[in-house]
Amino acid sequence: MKQDALDKIKTSPFAYTIWLVLSCAVHIVLFGPRVRNDYQVLERVMILILAVCTTLPIHELLHFVFMKTFCKGSVKIRFMKSPLGLPTLGTVAQAQFQKWQHIVIYLAPFVFLTLLIDVFIAFSNEVELIFFIVSICNCSGCFYDIIDAFAAANGKR
């Protein structure tokens, strides 16, 4: 896929919305029945706020750890604009990475905060709501990382 096509996908609110809805739907269908659901409304709201507020910093910390592992240069987590123009946290490095390193860096949060949690949920009889929400939030937030990993795999990054 050409880089300009990938850039169009990354900046499309429609593409991100589809990813968001699919992330939620897949998690709800596959794991919804396993989630402990005996919380009061206020407890659910507090768990949701905690999960949403901690997922992005942990996600970026995972990028940071893998970037620091692969380079000796400067690596920083800072506020930046997303491809949709929204303020967000981002991790930047003053270094060159090999193709495989780019792919590992991009996919690390997806593997550790979505896939591993999903495997844990799949093998559990019952799981706490916070793990379920973190997995959904991170999966939704990995939209750009997955596109960037695809671009890196095709030699575009």
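These numbers come from the heavy atoms of this one structure, side chains and all, not from hydrogens, waters or symmetry mates. Bear in mind the structure is a predicted one, so any value in this text is a computation, not a measurement.
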Notebook entry, point to check: Is any side-chain heavy atom of Phe150 closer than 4.5 Å to a side-chain heavy atom of Leu6?
Noted result: yes

Checklist line | Nearest atoms (heavy-atom pairs only) where Pro57 meets Thr54 | finding: CD-O, 3.4 Å

Next item on the list: Verify side chain to side chain contact (heavy atoms under 4.5 Å, CB included) between Val92 and Val75, making sure each step is shown before the conclusion.
Entry: CA-CA 6 Å; Val92 293; Val75 179; over 6 Å; no

Item checked: Close side-chain approach of Ile117 to Phe112, heavy-atom, < 4.5 Å -> no

Next item on the list: Take atom CE of Met46 as the centre, draw a 6.0 Å sphere, and report whether it contains more than 12 heavy atoms from other residues, nucleotides or ligands.
Entry: no

Check: Which pair of heavy atoms, one from Gly90 and one from Met80, lies closest together, and at what distance?
Finding: CA-SD, 3.1 Å

Note to self: Working note: Asn138 + Thr55, criterion side-chain hydrogen bond (donor to acceptor under 3.5 Å, both in side chains); need CA distance, chi angles, decisive distance, verdict.
What the structure shows: CA-CA 6 Å; Asn138 190 68; Thr55 301; over 6 Å; no

Next item on the list: Evaluate the criterion side chain to side chain contact (heavy atoms under 4.5 Å, CB included) for residue pair Arg44 and Asn37; output intermediate values, then yes/no.
Entry: CA-CA 9 Å; Arg44 290 177 193 210; Asn37 206 14; 3.1 Å; yes

Item checked: Residue from Thr114, Leu22, Ile133, Ile121 passing side chain to side chain contact (heavy atoms under 4.5 Å, CB included) with His27 -> Thr114

Notebook entry, point to check: Ile9 and Ile147: which non-hydrogen atoms are nearest, and at how many Å?
Noted result: CG2-CD1, 3.4 Å

Next item on the list: Kindly work out whether a path of hydrophobic side-chain contacts (I/L/V/M/F/W/Y, heavy atoms less than 4.5 Å apart) joins Val45 to Leu129.
Entry: no

Notebook entry, point to check: Below 4.5 Å, heavy atoms only, C-beta onward: do Glu128 and Val35 meet side chain to side chain?
Noted result: no

Item checked: Side-chain heavy-atom pair Phe123, Val119 within 4.5 angstrom cut-off -> yes

Check: Of the non-hydrogen atoms in Ile103 and Ala149, which two are nearest, and what is the gap between them?
Finding: CG1-O, 3.9 Å

Margin query: Please tell me whether Asp145 and His59 have a donor and an acceptor in their side chains that are separated by less than 3.5 angstrom.
Written below: yes

Margin query: Ignoring hydrogens, what is the shortest heavy-atom contact between Asp118 and Ser135? Give both atom names and the distance.
Written below: OD1-OG, 2.5 Å

Next item on the list: Indicate, with yes or no, if Ile58 and Phe79 share a hydrophobic cluster defined by side-chain heavy-atom contacts under 4.5 Å among Ile, Leu, Val, Met, Phe, Trp and Tyr.
Entry: yes

Margin query: Which heavy atom of Pro33 sits nearest to which heavy atom of Ile28, and what is that distance?
Written below: CD-O, 3.9 Å

Check: What's the spacing between Leu115 CG and Cys139 SG if we round to 0.5 Å?
Finding: 8.0 Å

Notebook entry, point to check: Cut-off 3.5 Å, side chains only: do Thr91 and Glu60 have a donor facing an acceptor?
Noted result: yes

Check: After noting the C-alpha distance and the side-chain angles of Ile146 and Tyr106, does the key distance pass the side chain to side chain contact (heavy atoms under 4.5 Å, CB included) rule?
Finding: CA-CA 7 Å; Ile146 290 171; Tyr106 288 132; over 6 Å; no

Next item on the list: Treating Ile, Leu, Val, Met, Phe, Trp and Tyr as nodes and any side-chain heavy-atom pair under 4.5 angstrom as an edge, say whether Ile18 and Phe143 lie in one connected cluster.
Entry: no

Note to self: Tell me if the aromatic rings of Phe14 and Trp19 count as close, with their centers under 6.0 Å from one another.
What the structure shows: no

Check: Any donor and acceptor pair, going by atom type alone, linking the side chain of Ser12 with main-chain N or O of Ala15 inside 3.5 Å?
Finding: yes

Margin query: Taking the ring of Phe31 and the ring of Phe132, is the distance between their centroids below 6.0 Å?
Written below: no

Notebook entry, point to check: Would you call Lys76 and Ser74 a side-chain contact if the rule is heavy atoms closer than 4.5 Å?
Noted result: yes

Notebook entry, point to check: Can you tell me how far the CZ atom of Phe64 sits from the OG1 atom of Thr69, to the nearest 0.5 Å?
Noted result: 9.5 Å

Note to self: If you count every heavy atom of other residues, nucleotides or ligands that lies below 6.0 Å from Tyr16 atom OH, does the total exceed 12?
What the structure shows: yes

Next item on the list: Scan side-chain atoms only and decide if Arg36 and Asn125 contain a donor-acceptor pair under the 3.5 Å cut-off.
Entry: no

Next item on the list: Indicate, with yes or no, if Val21 and Val52 share a hydrophobic cluster defined by side-chain heavy-atom contacts under 4.5 Å among Ile, Leu, Val, Met, Phe, Trp and Tyr.
Entry: no

Notebook entry, point to check: Side chains of Ile105 and Phe70: closer than 4.5 Å at any heavy-atom pair?
Noted result: yes

Notebook entry, point to check: Roughly how far, to the nearest 0.5 Å, is the CG atom of Leu107 from the SG atom of Cys142?
Noted result: 8.0 Å

Item checked: Sub-4.5 Å side-chain heavy-atom contact between Phe97 and Met67 -> yes

Next item on the list: State yes or no: do Ile130 and Phe120 share one hydrophobic cluster built from I, L, V, M, F, W and Y residues joined by side-chain heavy-atom distances below 4.5 Å, directly or via other members?
Entry: yes

